Amino acid sequence: METKMKKDTQIVSTGRKKEYTHGVVNPVVQRASTIVFDSVAQMKEAVKNRANKTLFYGRRGTTTHFALQDAITELENGAGCALYPSGAAAISNAIISFVKSGDHILMVDTAYEPTRDFCRVILNNMGVETTYYDPLIGEGIRDLIRPNTRLLFLESPGSISMEVQDVPLLSRIAHEHNMVVMLDNTYGNGYHFKPLDFGVDISIQAATKYIVGHSDVMMGVAVANEEHWPQLRENSYLMGQCTSADDAYLALRGLRTLSVRLQQHEKSALKIANWLSTHPLIDHVRHPALETCPGHEYFKRDFSGSNGLFSFVMKAGNQAAINALLDGLDHFKMGYSWGGFESLITANMGLQGLRSATGWQHGPIIRIHVGLEDCDDLLADLEQGLQQYQ
Ligand SMILES: Cc1ncc(COP(=O)(O)O)c(CNNC(=O)CNC(=O)c2ccccc2[N+](=O)[O-])c1O
């Protein structure tokens, strides 16, 4: 009897059915719009099974996509995985797959900024109302639920300010009110956090980040449980969502080294986070594994590890000081992303403009992604950069 394999064996073994690999290690890159059939009977069979990993038409995917879908579904312990051209597309299409005009949704206040923009513009124009909630609201979420509240959206840890949420509690309360629960799991990436194991119905990731791991593919994934998979799959298909076979291949290739990359990211980030915690210019560090991060207790309870992303809050400072810090760094580059092999840094004078339910009572916040460079080089880079922070 086959014993349940451990996570590292799973990410090496998953998505490698012979029908995908044709006898080699990796799946073939099967690029297609048109699939051709030898008989009417064969075409009818394909139509019947078009939603079940059968070659039918490019938009439904090819064996390269099927291999990635199998892998991410297994990684997230779900029933099925939908693929999208970006993380933002995964978020927007997952939400649109489950709401209609007149509905109300609850969105975590620490959501990724373009998620907030999607709610403000697209959902609002569709007649779907959004209420933002404190990521650490707990039982208080009950007070925000209305008869037409259809969906609860979480992002844990939250973008930039890194609050970790009590996912099982919020999911349980949402299900008491027949709501769909979705979570942006780009940080937990299915390896260190499996939202469906904690009551979430749909786990969404910007595969652009850690799954791909090399800053060279844009992709989103959404994994649903049995109950919600058919609706997510069919509505995302109706929205025309698909990705290239080449990108699917690169994402699956990235997945194979996810564990070893995460180990290096985590080790260096923890060393740097602990060093920053003692720096005289810094008020506190928001690394989920540190007690100074809001929701740290939920990280300890629910996550199996951390990665290279965290933030730290300065005691004081202005834009000139931030510019001097960021412009003076050699290894931490400025860029809108994270999860690749490179170190990155972004800064916000404050988060007032990005928070409507919680505000921001601190000074400037710096978010870094600690890459795979030598940690001593990264520490030295930050030390000399912080010396410019006047
Ligand atoms: C948690 C989370 N969830 C979804 C996405 C979107 O993924 P995508 O980039 O593949 O669409 C992301 C993308 N991450 N990007 C960043 O963190 C840096 N960029 C931004 O924060 C940002 C802010 C304002 C406007 C635009 C951007 N941007 O990413 O382009 C994410 O962090």
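All values derive from a computational prediction rather than experimental measurement.
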Test of understanding: clusters of I, L, V, M, F, W, Y form through side-chain heavy atoms closer than 4.5 Å, transitively. Do Ile96 and Val128 belong to the same one? yes

Any chance the rings of His192 and Tyr187 have centres within less than 6.0 Å? no

Backbone N/O of Arg60 and side chain of Arg50: donor-acceptor pair under 3.5 Å: no

So for atom CE, which belongs to Met43, do other residues, nucleotides or ligands contribute more than 12 heavy atoms lying within a distance under 6.0 Å? no

So, do Pro135 and Thr358 sit near enough that their side-chain heavy atoms are less than 4.5 Å apart? yes

Given 3.5 Å as the limit, does a donor-acceptor pair link the side chain of Asp109 with the main chain of Ser356, or not? yes

With no hydrogens and no angle check, do the side chains of Gln241 and Ser236 hold a donor and an acceptor under 3.5 Å apart? no

Before you tell me yes or no, could you show the steps for Glu45 and Lys48 under salt bridge (charged side-chain N to carboxylate O under 4.0 Å, His left out), namely the whole-Å CA-CA distance, both residues' side-chain angles and the distance that decides it to 0.1 Å? CA-CA 5 Å; Glu45 190 63 14; Lys48 192 173 80 174; 3.7 Å; yes

Main chain of Gly220, side chain of Ser86: is a donor-acceptor contact present, judged purely on distance under 3.5 Å? no

Give a yes or no answer on whether the side chain of Lys333 reaches the backbone of Ser343 with a donor-acceptor pair at less than 3.5 Å. no

Looking at every non-hydrogen atom in both residues, tell me the closest pair between Ala224 and Ile202 and how far apart they are. CB-CG1, 3.9 Å

Closest heavy-atom pair, Tyr389 versus Ala321, reported as atoms and distance to 0.1 Å, is CD1-O, 3.4 Å

Does Ser171 reach the main-chain N or O of Pro168 with its side chain, forming a donor-acceptor pair under 3.5 Å? no

Under 3.5 Å, is there a donor-acceptor pair between the side chain of Glu297 and the main chain of Pro294? no

Following the transitive rule for hydrophobic clusters with a side-chain heavy-atom cut-off under 4.5 Å over Ile, Leu, Val, Met, Phe, Trp and Tyr, establish whether Val167 and Leu196 coincide in one cluster. yes

Quick check on the hydrophobic clustering: are Leu238 and Phe56 connected, directly or via other members, by side-chain heavy-atom contacts under 4.5 Å? no

Kindly indicate, with the supporting measurements, whether the criterion side-chain hydrogen bond (donor to acceptor under 3.5 Å, both in side chains) is fulfilled by Glu76 and Ser203. CA-CA 7 Å; Glu76 291 271 23; Ser203 177; 2.9 Å; yes

Can a cation-pi geometry be assigned to Arg116 and Tyr132, taking NZ or CZ under 6.0 Å from the six-membered ring centre and within 45° of the ring axis? yes

Distance-only, no hydrogens or angles: does the Thr64 side chain make a donor-acceptor pair with backbone N or O of Ala248 under 3.5 Å? no

Examine Arg286 relative to Phe312 and say whether NZ or CZ is less than 6.0 Å from the centre of the six-membered ring and inside a 45° cone about the ring axis. no

Is any side-chain N of the basic residue among Arg172 and Glu176 closer than 4.0 Å to the acidic one's carboxylate O? yes

Phe193 versus Ser304: any side-chain heavy-atom pair under 4.5 Å? no

Centroid separation Tyr210 to His265 less than 6.0 Å: yes

Heavy atoms of Val181 and Val200 approach each other most closely as O-CG1, 3.5 Å

Any heavy-atom pair between the side chains of Val12 and Asp8 that's under 4.5 Å? no

Any chance you could lay out the side-chain contact (heavy atoms from CB on, under 4.5 Å) test for Met349 and Ile322, step after step, and finish with the verdict? CA-CA 8 Å; Met349 269 302 289; Ile322 284 179; 3.6 Å; yes

Locate the shortest heavy-atom distance separating Gln69 from Cys81; write the atom from each residue and the value. NE2-O, 2.9 Å

Look up atom CE in Met239 and atom CD in Glu234, then write down how far apart they are to the nearest 0.5 Å. 14.0 Å

Indicate yes or no: at least one non-hydrogen side-chain atom of Pro27 is less than 4.5 angstrom from one of Tyr249. yes

Quick one: pull up CG in Leu309 and CG in Asn189 and give me the separation to the nearest 0.5 Å. 11.0 Å

Taking salt bridge (charged side-chain N to carboxylate O under 4.0 Å, His left out) as the test, write out the residues that go with Lys53, two or more places apart. Asp70

side-chain hydrogen bond (donor to acceptor under 3.5 Å, both in side chains) between Asn225 and Asp201: does it pass, once the steps are laid out? CA-CA 6 Å; Asn225 56 23; Asp201 298 309; 3.0 Å; yes

Are the aromatic ring centres of Phe303 and Tyr298 under 6.0 angstrom apart? no

Go through Leu55 and Thr62 one step at a time and tell me if the side-chain contact (heavy atoms from CB on, under 4.5 Å) criterion holds. CA-CA 6 Å; Leu55 289 176; Thr62 65; 4.1 Å; yes

Take Gln384 and Asp381 through the side-chain hydrogen bond (donor to acceptor under 3.5 Å, both in side chains) test and state the conclusion after the steps. CA-CA 5 Å; Gln384 64 86 16; Asp381 201 21; 3.0 Å; yes

More than 12 heavy atoms of other residues, nucleotides or ligands under 6.0 Å from CD of Glu139: yes or no? yes

For Ser92 and Ala89, indicate whether the former's side chain and the latter's backbone hold a donor-acceptor pair under 3.5 Å. yes

For Leu232 and Ala94, the nearest pair of non-hydrogen atoms, with its separation, is CD1-CA, 3.8 Å

Would Ile173 and Ile145 count as a side-chain contact (heavy atoms from CB on, under 4.5 Å) here? Give the steps. CA-CA 10 Å; Ile173 294 172; Ile145 297 172; 4.0 Å; yes

Any luck finding a side-chain donor-acceptor pair between Thr54 and Asn52 under 3.5 Å? no

Could you tell me whether the side chain of Glu266 and the main chain of Ser306 form a donor-acceptor pair under 3.5 Å? yes

Do His369 and Phe310 pass the ring-ring contact (aromatic ring centres under 6.0 Å, His included) test, and can you show the C-alpha distance, the side-chain angles, and the key distance before you say yes or no? CA-CA 7 Å; His369 178 255; Phe310 72 92; 9.8 Å; no

Kindly indicate whether the side chain of Leu386, heavy atoms from C-beta on, has any atom under 4.5 Å from the side chain of Leu276. yes

Give the intermediate values and the outcome of side-chain hydrogen bond (donor to acceptor under 3.5 Å, both in side chains) for residues Glu155 and Gln165. CA-CA 8 Å; Glu155 180 180 325; Gln165 297 190 258; over 6 Å; no

Kindly indicate whether the side chain of Val212, heavy atoms from C-beta on, has any atom under 4.5 Å from the side chain of Leu250. no

Does any N or O in the side chain of Thr73 come within less than 3.5 Å of the main-chain N or O of Ala79, such that one atom is a donor and the other an acceptor? no

Treat each ILVMFWY residue as a node, draw an edge where side-chain heavy atoms are under 4.5 Å apart, and state whether Leu351 and Tyr133 are in one component. no

Of all residues at least two apart in sequence or in a different chain, which pass the salt bridge (charged side-chain N to carboxylate O under 4.0 Å, His left out) check with Asp376? Lys271

If you measure from CG on Leu106 to NE2 on His177, what distance do you get to the nearest 0.5 Å? 10.5 Å

Establish whether Met314 and Leu329 are linked, either directly or via other cluster members, by ILVMFWY side-chain heavy-atom contacts under 4.5 Å. yes

What are the two closest non-hydrogen atoms of Pro195 and Asn185, and how far apart are they? CD-ND2, 3.3 Å

Would you say the ring centroid of His296 lies under 6.0 angstrom from that of His287? no

For a side-chain contact (heavy atoms from CB on, under 4.5 Å) check, start with the C-alpha distance between Leu151 and Met182, then their side-chain angles and the critical distance, and finish with the verdict. CA-CA 8 Å; Leu151 187 152; Met182 299 182 184; 3.5 Å; yes

